[in-house]
Amino acid sequence: MKKSLLATGALLVGTILSGCGPHYVVASYGPPPPRYGVIGYAPGPGYVWADGYWNYGGGNWAWVGGHWVVPPHRSAVWVRPEWRHESGRWRFHRGYWR
């Protein structure tokens, strides 16, 4: 009884904490090669292109296409998302504005 109560409490705390901080997707093998295509013209002044990337979920890779986006401020630089091989696994690092 005491062990199941502790396990339930640990699960609850883990569930609550999983909503805090960065969320990482981990895969046991790397993504396919990136896809390349025609980007076209920006829909207006000030837009920048955010590259597409491979998303992993449910044991499958899915391509998320790139898109045009307006930076949050004039000096912002988009750091694109990427998969990095770390400690024998592949970890996804989300894109962000720097």
Side-chain angles (χ1 to χ4, degrees):
M1 175 76 174
K2 198 173 190 179
K3 283 185 181 182
S4 69
L5 219 53
L6 284 173
T8 303
L11 179 62
L12 181 61
V13 169
T15 302
I16 292 168
L17 291 178
S18 68
C20 303
H23 171 73
Y24 292 104
V25 176
V26 178
S28 57
Y29 58 96
R35 292 185 176 176
Y36 297 100
V38 177
I39 293 173
Y41 295 102
Y47 280 78
V48 297
W49 180 254
D51 288 334
Y53 60 92
W54 285 104
N55 194 24
Y56 184 79
N60 295 311
W61 291 99
W63 180 253
V64 177
H67 59 281
W68 291 101
V69 63
V70 176
H73 54 83
R74 181 182 278 190
S75 62
V77 175
W78 177 247
V79 177
R80 65 191 207 178
E82 68 177 347
W83 285 93
R84 296 183 197 151
H85 194 247
E86 300 172 350
S87 303
R89 306 211 75 175
W90 288 86
R91 179 175 280 185
F92 182 69
H93 295 266
R94 294 180 184 181
Y96 62 94
W97 291 102
R98 175 178 55 200

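What's counted below: heavy atoms across the whole structure, side chains too, no hydrogens, waters or symmetry copies.
For R35, the salt bridge (charged side-chain N to carboxylate O under 4.0 Å, His left out) test picks out no residue, with sequence neighbours left out.
Just one residue in the list E82, E86, R80 forms a side-chain hydrogen bond (donor to acceptor under 3.5 Å, both in side chains) with H93, and that residue is E86.
No side-chain donor-acceptor contact under 3.5 Å links W83 to the backbone of G30. A donor-acceptor pair under 3.5 Å is absent between the side-chain atoms of W49 and the main chain of A42, judged by distance alone.
Under the 4.5 Å side-chain heavy-atom criterion for Ile, Leu, Val, Met, Phe, Trp and Tyr, Y41 and V48 are members of distinct hydrophobic clusters.
Residue Y29 places its OH atom among more than 12 non-hydrogen atoms of other residues, nucleotides or ligands, all under 6.0 Å distant.
Residue A50 comes nearest to W78 through the heavy atom pair CB-NE1, 3.7 Å, listed as atom of the first residue, atom of the second, then distance.
Two residues are said to be in side-chain contact when any heavy atoms from C-beta on lie closer than 4.5 Å; W90 and Y56 fail this criterion. At least one side-chain heavy atom of P32 sits less than 4.5 Å from a side-chain heavy atom of W54.
Hydrophobic cluster membership for Y96: V79 (Ile, Leu, Val, Met, Phe, Trp, Tyr linked by side-chain heavy atoms under 4.5 Å, directly or transitively).
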Show which side-chain atoms of residues 59-77 pair as donor or acceptor with protein atoms under 3.5 Å away, not counting sequence neighbours.
from, atom 1, to, atom 2, distance (Å)
H73, ND1, S75, OG, 3.3
H73, ND1, A76, N, 3.4

